Amino acid sequence: MEVSKPVTAQSLPKKKFELFDFFYKYGTILTILVLIGVFTAANPSFVQGHNLMNILRSISIVTIIAIGITISLSVKGFDLSVGSVASLSNAIAISMFVWFSQNTATAIFSALAAALMVGIINSVMIVKVKIPDMLLTLATMFIIQGIALTYTKGATISQNMVMPDGTFATGKISAAFEKIGQVPWIIVIMAAAVVLVHVLLNYTKHGRYMYVIGGNEEAARLSGIPVDKYKVAAYLLSAFFASIGGIVLASRVMTAEINAGTPYLMDAVAAAFIGFSVFGSGKPNAFGTLVGAILIGILQNGLVMMSVPYYSMDIVKGAVLAFALALTYYKQKK
Amino acid sequence: MALLEMKDISIEFPGVKALNHVSFASETGRVHALIGANGAGKSTLMKVLSGAYSHYTGEIHLDGRKAVITSPRDALEEGIQIVHQEVDTALIPYLTVGENILLHDLVNEMGRKQLVGWKPLHKKATRILEEMNISVSSKMLVSELTLAQKQMVLIARAVSAQCRFLILDEPTAPLSHSETNELFRIVRNLKAQHVGIIFISHRLPEIFEICDDITVMRNGELVIKENISETSIHRVIEQMLGKSLDEQFPFLNGKVGEIVLEVKGLSDAEKIKDLNLTVRAGEIIGIAGLVGAGKTELCKTLFGCTKITAGDVFLNGRKLKLKNPHQAVRQGMALVPEERRKEGILVEESVAANLTAANLGQFTKVFSFLDRRAEKQKAVEIIQTLGIKTPSEKTKVQNLSGGNQQKIAIGKWLIADADVYIFDEPTKGVDVGAKKDIFELISALAKRGKAIVYASSEFPEILGITNRLYVLYDGRAVKELETSAATEEELLFYSTGGR
Ligand SMILES: Nc1ncnc2c1ncn2[C@@H]1O[C@H](COP(=O)(O)OP(=O)(O)OP(=O)(O)O)[C@@H](O)[C@H]1O
Ligand SMILES: [Mg+2]
């Protein structure tokens, strides 16, 4: 058929949309650069090596949890329970050492196992019972939070803590476990999570299937993709990364405070959503999520250095985030 | 009488010059056909007219006065209404029919009123529906409607407002014969009320039935404008394709083999009742039936989408127990679904990702890593065989014309090598040239020994492409016929419940 000759690129319209395309693709990165500029101007030590390391360390837990959210977003799911899964994993890992004097492997595996149980419950309820993901994970978020609280009896678990019977806990956290939350391992774990999931989503069949499901579930089903299996896998991975986040957190603070993982939820969600626009990908992606987390981390760190009082920090943080999003999503009407 | 003139209109999208100095003119009180191959620019021209784009060059004149149309609102104020090709995108599924019809009023005419008066709203909507003789309740949710009904609701919405020009972009594609006649009645009515109608369709016979003028587009340019009484189908096809089209249906060799698919006493929970059919290797069987006869339900049940409540399906002599389409695909089945936008394509993904979605396993290396080079190669190959008009294989499918999207829905199954191919209205919205390509593809599949089920309400197509056919009426296969011995009248007779 003659008419179907593909039109060649010779007639590309230039210039007109470029500025907006540029902002859409690089808005987030631009904001990061501007922030670095501003913070450095205010306090030159901001760009010193050890502070940059500091920032990387501080964002690693958020990033790891956000990577899990990214996976659930890729199948158009949403997992709100990651924060409490992190809390639970944190509590289990520390308690294994402190209460039960177990070794590192047992502590880590118990934490992961508990998280995977949550992942299974989430995915069965979403995929089989067909409860909308947001609602279901909102419910499990509370349940898990409650379980973690009940498990710790509402107390902070730490070495040498006073047990209910009045004695001191004798278990010690192993030196190996302590390393996880320290530089460089904490950063290595984060980088590994980002790279692994980036490769999974972009370079493998499975990743493509997940995006296809996220793009049009019905079309995916009719293409013969085992939609349910991939959704289950997505929620399991989401819980898995939340658990890793919780374990790293445990090692970093060496205690299990109540709901320690909860504050990470919102930052992680924000990082994943900011990540959509990075380099114009338009969909959830691991690398973008990292950039999102970096943006948040820099903000947090810079604001502290500029000694913005903690109580007004959220205002600035939220405003800059909104600005970064506006820069990326504002597109001229075509 | 009002005169509409579009002068020297050009528009570009990244990689495509969609319209190239097009000058189009139309009058009120006449029905004006706009035709052209898939991707010729028909929808784009009409979108310009209805204010969907602001970055075009050229001028629009109404009654010799320059009209500035750069937003849908501008167009509405000039009395230009459009019913889009993809009806789903223009309706709000969880609102009622009445609200959808009067959406414009709800949005713009409320003034200071804060409360919606439900009674008057439904009364007004019901009156509009009655005037147009559409048998849909104003209180139904749009999500419960069939495609044809949604179409009707959109037309009702368009004419309920002030309307000098009504653009219908492929309105008849999802409609049955009687629904099409219904629509034509409405169109003639509107014409008598001095509305100018611009009518896009790939069904040439109906254009010659209803239209007064015809404009043909090709490759973003206007080729001819003529009076319909002074032209012929043949000339129009030649103008739109740039060459004449000979025999539309390919020759079938009729060599058939063993039974591949056998259905015995099949019922589903809703529509299909006690249905029997067989398909042999190399055979194309037709499922003829009006819209609503159960063709889509049958296709989906065979493909494992809905549960079988009674009866059995055998594939190559083995009993099939399909729980989901994934298993159907693994057993060697393929389905090209009817509602492509909802079920067949991924609008946000590239052409290549769409084409390989059904069989990505072919394009992987160790550890399921994607082999992008192989993927690209195959995609380019399919783009060429099907004549898909796209700037590149990386283009997002939402930027392609409707007919080209349909080709992609078909193309992805050409990559997956199945034994049984089920086509549900595959030529919907496809131009005559591409239709021929699709028929040739299907017959080539049959020649390779594939078993093919071809469901359609286009009886001439069924008669042209199949070896054998079943007429479906109300979920039952009421008649089996050898295609060579069947006539269109017979099909119509049985498909309307005749015995
Ligand atoms: N928003 C867009 N972005 C990029 N390309 C576009 C866009 N809209 C249309 N095109 C391109 O412009 C050309 C004309 O498309 P159009 O939808 O007008 O075709 P059509 O004549 O209506 O075809 P069909 O009969 O298949 O509906 C196509 O090549 C299409 O890919
Ligand atoms: Mg079109």
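Since the model is a prediction, treat every value here as computed from it, not as a measurement. Residue numbers begin at 1 in each chain, while the letters A, B, ... track the order of the sequences.
Put simply, NZ on K300(B) and CG on L222(A) are 6.0 Å apart, with the number rounded to the nearest 0.5 Å. To the nearest 0.5 Å, atom CG of residue L370(B) and atom CG of residue N202(A) are 9.0 Å apart. The CG atom of N359(B) sits 9.0 Å away from atom NZ of K205(A), with the distance rounded to the nearest 0.5 Å. Atom OG of S368(B) and atom CZ of R208(A) lie 13.0 Å apart (nearest 0.5 Å). Expressed to the nearest 0.5 Å, how far OG of S223(A) lies from CD of E343(B) amounts to 10.5 Å. Atom CG in L335(B) sits 13.5 Å away from atom CZ in R221(A) (nearest 0.5 Å).
For A353(B), the parts lying near chain A are the backbone and the side chain together; criterion is any non-hydrogen pair under 4.5 Å. Q331(B) does not touch chain A: none of its heavy atoms, backbone or side chain, sits under 4.5 Å away. With a 4.5 Å cut-off on non-hydrogen atoms, F369(B) touches chain A through its backbone and its side chain both. Interface residue R372(B): only side-chain heavy atoms are found under 4.5 Å from chain A. Of the two parts of V199(A), only the side chain, counted from C-beta on, holds a non-hydrogen atom closer than 4.5 Å to a non-hydrogen atom of chain B. Of the atoms belonging to I345(B), it is backbone heavy atoms, and not side-chain ones, that fall under 4.5 Å from chain A.
Contact check on K342(B) versus E217(A) returns no salt bridge, with no Lys/Arg side-chain nitrogen under 4.0 Å from an Asp/Glu carboxylate oxygen. Between E349(B) and K283(A), at least one side-chain N (NZ, or NE/NH1/NH2) sits under 4.0 Å from a carboxylate O, which counts as a salt bridge.
Each of V336(B), N324(B), L346(B), V329(B) has some count of heavy-atom pairs under 4.5 Å with chain A, and the biggest count is that of L346(B).
Of the possible donor and acceptor atoms, one in the side chain of H326(B) sits under 3.5 Å from a partner among the backbone N and O of G224(A).
Proximity of T204(A) to F367(B): side-chain heavy atoms (C-beta onward) are nowhere separated by under 4.5 Å.
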